[in-house]
Amino acid sequence: MNLLITGAGRGLGLQLTKLALERGHTVIACMREIADATEGLLNLAAQYDDQLRIERLNVTHEDEAAQLAARLAKDNVKLHGIINNAGILLGREHTIETLPIHLMRLTFDVNVFGPVIVAKHFSPLLADDAGAVVLNISSEAGSMANAYGGDYPYAMSKTTLNMFSKQLKNTLWKRGVRVLAIHPGWIKTDMGGQSAPMEAAESAGGIMDIAEGKTTIADELVFVDHTGRSMPL
Ligand code: NDP
């Protein structure tokens, strides 16, 4: 498979990149700033030279997405998977009374408009009828069934990402492309913190199994966890 992964420099994105390479796939690993390439990504670049292409992509910059997509098209690149992994978590400490509205806008810019921009420019490169996938990394925080309050920017952005996933699924299935929103579990990353119960590598394993079509998921499902279990929208 040829996979495009956003936010590939650290956290879940880095683990997805590493595992995809180990499983023999090729990866276009997108980073907000290539100059910030982490040691982990540079080590992978040294080890998997012919399978890894590192590209700059701030998912909020549509011009960057358009330019990268045009370069990939020129190179006749066909994608078998897009993993919208890049995400931010801001403003959780605020109450509605103190919430800075610019944190809402910033969060929606990255967590919602980012995946929309990526899908807009890269879905034309998806291979038709080859079991291609778009996986939007969401969160249980975006579920209407979540039982906690106050998480306005993040929770609302992931709910919207789930709706985007449903809308995209309704159109891309005609091309044989699967679309899912995936809750990766609470994982040890900069975002998840070190008290999280799961390693990012374990979650990445489940997500890669889904990308490879190894996990059976009913056609009607839109939102699942990293094991393929249905999540309430
Ligand atoms: P991290 O904070 O560890 O990493 C976030 C990644 O997103 C970084 O690579 C970061 O790049 C990238 N990123 C942020 N903004 C942009 C941008 N504008 N353009 C491109 N890349 C950007 O988070 P995780 O690895 O934990 O999270 C990955 C995904 O999983 C997110 O979508 C998150 O919401 C979701 N998730 C995580 C959970 C957890 O427990 N960790 C739980 C549920 C969902 P840079 O290094 O440049 O900042």
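Owing to the predicted nature of the structure, the values given are computational and were not obtained by experimental measurement. Positions are given from 1 along the sequence.
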### Query
Do the non-hydrogen side-chain atoms of Val59 and Ile117 ever get within less than 4.5 Å of each other?
no
### Message
Are there over 12 heavy-atom neighbours, none belonging to Asp75, within less than 6.0 Å of that residue's CG?
### Response
yes
### Message
Atom CZ of residue position Arg105 - does it have more than 12 heavy atoms of other residues, nucleotides or ligands inside 6.0 Å?
### Response
no
### Message
For the residue pair Thr227 / Asp225, report whether a side-chain donor-acceptor contact shorter than 3.5 Å exists.
### Response
yes
### Task
Indicate whether any N or O donor in one side chain lies under 3.5 Å from an N or O acceptor in the other, for His226 and Glu202.
no
### Message
I'd like to check Ser143 versus Leu233 (side-chain heavy atoms, cut-off strictly below 4.5 Å). Are they in contact?
### Response
no
### Task
Evaluate the side-chain proximity of Met31 to Glu55: yes if any heavy-atom separation is below 4.5 Å, no if none is.
no
### Task
Answer yes or no: is there a donor N or O on one side and an acceptor on the other, between the side chain of Lys78 and the main chain of Ala127, under 3.5 Å?
no
### Query
Any chance the side chains of Thr215 and Asp209 put a donor and an acceptor closer than 3.5 Å?
no
### Query
Judged by modelled atom types alone, do Glu62 and His121 share a side-chain donor-acceptor pair under 3.5 Å?
yes
### Task
Compare all side-chain heavy atoms of Lys214 with those of Met208 and state whether any distance is below 4.5 angstrom.
no
### Message
Under a 3.5 Å distance rule, please check whether Trp186 uses its side chain to pair with a backbone N or O of Pro197 as donor and acceptor.
### Response
no
### Query
To the nearest 0.5 Å, what is the distance between OG1 (Thr26) and OH (Tyr48)?
13.5 Å
### Heavy-atom check, side chain of Ile210 versus side chain of Leu180, under 4.5 Å
yes
### Query
Ignoring hydrogens and geometry, is there a side-chain-to-backbone donor-acceptor pair from His80 to Asn2 under 3.5 Å?
yes
### Query
Leu14 versus Leu16: any side-chain heavy-atom pair under 4.5 Å?
no
### Message
With rounding to the nearest 0.5 angstrom, report the CZ to CG distance, Phe113 to Leu106.
### Response
11.5 Å
